[in-house]
> 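Sharing a structure with you now.
This chain uses plain numbering: 1 for the first residue, then up along the sequence.
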Amino acid sequence: MAYPGYGGYGGPMQGMQLQGMPMQGGPMGGPPQTGYPQNGGGYPGTFSAPPQQPVNDPMWGYFTTIAGQDGEIDAEELQRCLTQTGISGTYTPFSLETCRIMIAMLDRDMTGKLGFIEFKELFAALSSWKQNFMMFDQDRSGTVEPHEMTQSISAMGYRISPQALNAVIKRYSKAGRIYFDDYVACAVKLRALTESFRRRDQMQQGAVNFQYDDFILCTMSI
């Protein structure tokens with residue numbers, strides 16, 4: 001049995017410029033495919049490899065200003081940073097809880113904070129998720145309807161059952177609508193849990209065996 005298809009989401013939107021922050025645009029990935037990606041591709045919302053820090057990166061100065069003396073960004077600092085950059089646009093700023101799970105998604109060294117490379121990867125992923133959200137939020141109300149959320153998840157490359165989709169909608173909707181903040185939280189969790197599953201799916205067949213503690217670690221750390 002093949003695991004659900006993977007899309008190219010997670011890269012920066014072409015030409016997007018965040019307020020007060022330089023960004024390097026890049027093309028988004030190709031259309032979703034079925035089965036595992038070929039040639040080192042990633043699950044939906046993942047990267048094949050973390051980006052490398054270039055010399056004199058224009059984002060470095062911005063990062064060091066936000067990060068402070070410890071050289072890393074925690075959830076509170078990330079919340080302020082995202083508000084200042086204007087990446088939410090006219091949408092409601094990200095909650096502290098959403099910022100925490102965004103950090104957990106990329107916190108490979110388990111410090112509860114983001115280093116520079118992780119910081120850049122997060123902004124690239126946020127750019128793609130915002131583009132995807134705006135495709136369906138055409139009236140710029142800051143919300144999408146459940147059927148649009150289903151289409152959006154499919155557009156990100158995920159192939160999950162109607163029962164699983166229904167559970168996602170119930171978890172992240174308020175009064176029958178999904179707000180941008182909750183949409184990002186959903187995208188983060190889908191990406192993080194899929195990546196955790198992927199690492200354990202050594203046979204690449206869409207099935208793994210979990211120990212209880214491992215299952216708790218995967219689900220509770222996001």
> Please name the pair of heavy atoms, one in Glu72 and one in Phe63, separated by the smallest distance, quoted to 0.1 Å.
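That would be CA-CZ, 4.2 Å.
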> Are Phe197 and Leu217 linked, directly or through intermediate hydrophobic residues, by side-chain heavy-atom contacts shorter than 4.5 Å (ILVMFWY only)?
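No.
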> Is any side-chain heavy atom of Val188 closer than 4.5 Å to one of Trp129?
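Trp129 vs Val188: side chains touch.
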> Which donor-acceptor pairs under 3.5 Å do side chains of residues 96-106 form with protein atoms, sequence neighbours excluded?
from: Thr98; atom 1: OG1; to: Ser95; atom 2: OG; distance (Å): 3.1
from: Thr98; atom 1: OG1; to: Asp181; atom 2: OD1; distance (Å): 2.9
from: Thr98; atom 1: OG1; to: Asp181; atom 2: OD2; distance (Å): 3.3

> For residues Trp60 and Phe116, establish whether the separation of their ring centroids is below 6.0 Å.
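Yes; Phe116 has its ring centre under 6.0 Å from that of Trp60.
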> Say you draw a straight line from CG of Asn132 to CG of Asp137; how long is it, rounded to the nearest 0.5 Å?
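Interatomic distance, Asn132 CG to Asp137 CG, rounded to 0.5 Å: 11.5 Å.
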> So which atom in Ser196 and which in Cys218 form the shortest heavy-atom distance, rounded to 0.1 Å?
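In terms of heavy atoms, the two residues are closest at CB-SG, 4.0 Å.
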> Membership question, hydrophobic clusters at under 4.5 Å side-chain separation (ILVMFWY): are Leu190 and Met149 in the same one?
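Linked within one cluster.
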> Rounded to the nearest 0.5 Å, how far apart are CG of Leu193 and CZ of Arg198?
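Between atom CG of Leu193 and atom CZ of Arg198 there are 15.0 Å.
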> Check whether Phe133 and Phe123 end up in the same hydrophobic cluster, where Ile, Leu, Val, Met, Phe, Trp and Tyr are linked by side-chain heavy atoms less than 4.5 Å apart.
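Yes, Phe133 and Phe123 fall within the same hydrophobic cluster.
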> Is the Phe94 to Phe180 ring centre distance short of 6.0 Å?
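Under 6.0 Å, so yes.
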> Hey, mind stepping through His147 and Phe136 against side chain to side chain contact (heavy atoms under 4.5 Å, CB included) and telling me if it holds?
CA-CA 10 Å; His147 73 278; Phe136 297 97; over 6 Å; no
> Give, for atom CD of Glu77 and atom CD of Gln79, the distance between the pair rounded to the nearest 0.5 Å.
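Rounded to the nearest 0.5 Å, the CD-CD separation comes out at 11.5 Å.
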> Please verify the inter-ring angle class for Phe215 with Phe210; under 30° counts as parallel, over 60° as perpendicular, anything in between as tilted.
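Correct class here is perpendicular.
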> Tell me whether Asp107 contacts the main-chain N or O of Gly112 through its side chain, where contact means a donor paired with an acceptor under 3.5 Å.
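Side chain of Asp107 to backbone of Gly112, a donor-acceptor pair under 3.5 Å: yes, one is there.
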> Give the cluster check for Tyr179 versus Met135: same hydrophobic cluster or not, with ILVMFWY residues linked at side-chain heavy-atom distances below 4.5 Å.
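No, separate clusters.
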> Under the 3.5 angstrom rule, does the side chain of Ser154 hit a backbone N or O of Thr150 as a donor-acceptor pair?
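No; zero donor-acceptor contacts below 3.5 Å.
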> When rounded to the nearest 0.5 angstrom, what is the spacing between CD1 in Ile169 and CD in Glu148?
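One gets 10.5 Å once the value is rounded to the nearest 0.5 Å.
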> Give me each pair satisfying side-chain hydrogen bond (donor to acceptor under 3.5 Å, both in side chains) with a member in residues 206-222, each pair once, sequence neighbours excluded.
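Passing the test, one end in residues 206-222: Arg200-Asp214.
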> Roughly how far apart are Leu82 CG and Ile73 CD1, rounded to 0.5 Å?
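Leu82 CG to Ile73 CD1: 8.5 Å, rounded to 0.5 Å.
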> State the CG-CZ distance between Leu114 and Arg108, to the nearest 0.5 angstrom.
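The distance works out to 9.5 Å.
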